[in-house]
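The next block holds one structure in the form of structure tokens; read it before the comments.
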Amino acid sequence: MVDGVYENPSSELTLTPDPSDPAAQGIRLRLRVLTREDRSAVVQGLSGSLGGQILGGDL
């Protein structure tokens, strides 16, 4: 599931797994994404947890 707030030209997105998928439990990601004029997107920041590891930083 993806939820977020779009603020031209950047977005804050939260990615969470489907609760019915046991293999995906423990995945929580938050992304800061820049949308370019050509409609492509670039991830600028990442934070969250994946498989018990804490992730974070600007890209």
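In this chain, residues are counted from 1 in sequence order.
With sequence neighbours left out, the side-chain contact (heavy atoms from CB on, under 4.5 Å) criterion links D38 to R36, S40. With sequence neighbours excluded, the residues that form a side-chain contact (heavy atoms from CB on, under 4.5 Å) with L29 are L15, I27, L46, L55. Take R39 and apply the side-chain contact (heavy atoms from CB on, under 4.5 Å) test, not counting sequence neighbours, and it matches no residue.
Pairing each heavy atom of A24 with each of P17, the nearest pair is O-CG, 3.1 Å.
Applying the side-chain hydrogen bond (donor to acceptor under 3.5 Å, both in side chains) definition to pairs two or more places apart or across chains, those involving residues 19-31 are D18-S20.
We find the OG-CZ distance between S11 and R32 to be 11.5 Å, quoted to the nearest 0.5 Å.
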